[in-house]
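Structure first, then comments.
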Amino acid sequence: MSTEVVVTTPEQDLQFTGNWFIDAGILGFVNLMEEVYGWDLEELQKRIRKEPEKVYYGYFPFAYFYKLYLKESTHNNSDTPIHELKEFLENKLSKEENTRELFDIVWYDHICRLFTDVWVKNSQKKILKLLTLNQKNNDESESENSKKKKKRQNTDEQNEIPLEIRSKVDEISKLKKKLAENEKEISNLLFKNKGKQKTDDNKNLYKKIVMLTSEELNKLDFKEDQNELKATILEFKKEYNDLADHLKNNWKSTIEKKSIHNDNEKFYRLPISYDFYTNFLFFHFGKGNLKQKESLYNLISCNIEEESILGKIDKTINKLLPSTKDFSNINYTELSSKILTERFSYPFVYLICFSNAFEKYKGIGNVFFYSHDLKLSYIINKKLKKYKTTLELDKLDIFKLTWEQIIDTLIEYKSSWSLENMYIISYRQLDNKGQEDVEYVGIPKLQASILLDDKIRDELNKSIQFRLRDKDKPYTAYCWLLEEFIKGRPLYPKILGHFWLKISNNNKYFSKNSSLWALAVESTINNLTKDANKPFSHSEVFFKSEKRYCMLTKEIYNSYRKMYLLMKTTSSLFDKNEKESLLYELFSVLKTNDRFTFNNILLKKLNAKNDSKSEKSKARLIESIFEFNNDVVWKYYAMAILIGLLGDKNE
Amino acid sequence: MSNETIEDVKIYEIKEELRRKSKDAAVDMSSNYKQKLVYNLLDALKARDKARFLDVLLRAINRKDEHYKALAQAIEGCVSLPQETFEEWGYAIVIGIMASEENTQG
């Protein structure tokens, strides 16, 4: 990763830096704001220019938590809270208040209020868990120490419950004790049909009780002497439901008065969780409401003294970075975040939006398209997202689509430079457990210049099925030619496998044209690079020629034409029986990559042909064999001959 | 290249010359004779047997014709080349002989 950060425009303007870690964050920030407020890039830029404080201390924190809220909430979400916030912020004159006050208002009146339902549900569950855990502590199976520890923890948590609610909790606790005496009977009733019930599963038992609808309750067959039990269950359920109202009222009045105390701030913790950051800042489970608020404020305002975790850049802030210990170069560790805070006003705002730049796609994980231009990246990622909502994509499609979008956009932009400087970054999993399938795909200069040709791109833009042998066990797979090409992998083995599949199973489809184009592209590149030891894109030929890309595609067209001719000639020269016998013989030789044997067989066959009709085709084929008789390109043309032998089979 | 001591360009030139000269030389051959010759040459090539290949070939071109002489001279240059290049130039000659078919017909 490059640590160079260059900002040349006025600081307020959002601009890519050339460092993709930060740029992904910037795009993530833009995406977030668009998702929540519906602003496009231009609108956001305008607002940042006009009133940055409002954006970063007002709109941003709400948007960030709104997204976290969506993850926790199961309700259908209305836009009302967003409109309320917008109304509030828009009616505020800028600079009327300082950022601290603005932030506090947004926190209590908007973020906390947004979380009301989620918090109530969560707290309700927490209390129920607390009660059941109390009982669990009496289990003899646990060791003394862990029992004590758990008990202490529980009392701590119980003490955090505010007085107004504690009376209600005590009531429920009493009822629960009553129920606990009849636990076996209840579980017999509830789990009768299931046939199995774990004896220590008290937690599930009470969960089940509170989840029971009145209809379900009536259906349970209580015996005559169990009426009291039924009444207790009913009461327990009622009290539990009442608790929700109590909690709701308490929460509302507390956040209205902004009167959360240090003693019970943990009780009022906003229930948020995120795979990407587990113990980071306000995600930390031990941080209460007040500390969550402070963490968020410190993060936005870059208050490194208060929040030492922000002082260095390592794994805590982005899972793709190593931890401070793992950084191998002592000169750069610890990588201080000073370098960022000097250049940006709100660097951490971007950094924690990192994962928002990625879009999740089924089957392949999270994908982010990166170019060095914010606007271009923004447009392409947006287009992709649009496609995602309209189509069910699989792995092949998404890569295909990505490049389609990229290329379309670039043609609009008329920019070949950008194509050469783009990356797709994708990951399957990126959290505390580790990284999985993190991939950076760039388009090399050479591939980029070829891809700009419509015909070639269209032909390579296909997925083919191919057969390969792995540990003596043949199996088939699919590959997308364009992806292979972009990643710089050889296409020939794929075409060979594709052909192999066809001749081993005649029902399979063989993509003749795409195969020929793929062979033509690869043979041309290989042929041009064969003289120099360095890759073609670094060679003199590439730089000397003014129309380097035109020249290259011209060559490719040329070899395609030759291959096509070769294919047709071969196809017309032999009859069906000859084709069949030659096909398998030549293919097995081609697989062993034996040029001379291949030539020998073919020439012998040609030599045996003596009719005057085929004289011309024969001569043409012989000439071709001579022309391509070198180690670099022969196999591509041999493949074209084989495709010709396939001829009628496919037609 | 199978032989790295011989440059690509050089071997290509040699091959091209051989092909051209053998094509010219084979113009006078009857197609039946040519077919038989090619068959024998390909057999020798398949066995990577340089001696047999030269034996068959030199017998065939042992005539006073100008084209044959030119071909013989070209072959002379190849005989001393390393064994690895044998198939390269061997096939060039065979291809040249086979390619001359068109001329005889036309």
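Predicted model, so just to flag it, every value in this text is computed and none were measured. Naming: A, B, ... by sequence-line order, numbering from 1 per chain.
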Taking the side chain as C-beta and beyond, is there a heavy-atom pair between B/K46 and A/F596 under 4.5 Å?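 No; the side chains remain at least 4.5 Å from each other.
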Filter on salt bridge (Lys or Arg N to Asp or Glu O under 4.0 Å), then keep only pairs touching residues 58-82 of chain B, sequence neighbours left out; what's left?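 The answer is B/D55-B/R59.
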Test: B/K23 and A/E623 ion pair at under 4.0 Å: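 Between A/E623 and B/K23 there is a salt bridge, with a charged N closer than 4.0 Å to a carboxylate O.
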Assess whether atom OH of A/Y492 is packed by more than 12 heavy atoms of other residues, nucleotides or ligands within 6.0 Å.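 Yes, because the 6.0 Å sphere around OH of A/Y492 holds more than 12 heavy atoms from other groups.
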Count the heavy atoms belonging to other residues, nucleotides or ligands that lie under 6.0 Å from OH of B/Y39, then report whether that count exceeds 12.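 Not more than 12 within 6.0 Å, no.
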If you round to the nearest 0.5 Å, how far is CE of B/M98 from NZ of A/K618?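 If I round to the nearest 0.5 Å, the distance is 5.5 Å.
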CD1 on B/I97 to CD1 on A/I622, rounded to 0.5 Å: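 So the CD1 of A/I622 and the CD1 of B/I97 are separated by 11.0 Å.
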Taking all non-hydrogen atoms of both residues into account, name the closest pair between A/F626 and B/I95 and its distance.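 Nearest heavy atoms, A/F626 then B/I95: CB-CG2, 3.6 Å.
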Donor-acceptor pairs are to be reported for all side-chain atoms of residues 597-604 of chain A against protein atoms at under 3.5 Å, with residues two or more places apart or in another chain.
from	atom 1	to	atom 2	distance (Å)
A/T597	OG1	A/D594	OD1	3.1
A/T597	OG1	A/D594	OD2	2.5
A/N599	ND2	A/N629	OD1	3.1
A/N600	ND2	B/L42	O	2.9
A/N600	ND2	B/Y91	OH	2.8
A/K604	NZ	B/D43	OD1	2.6

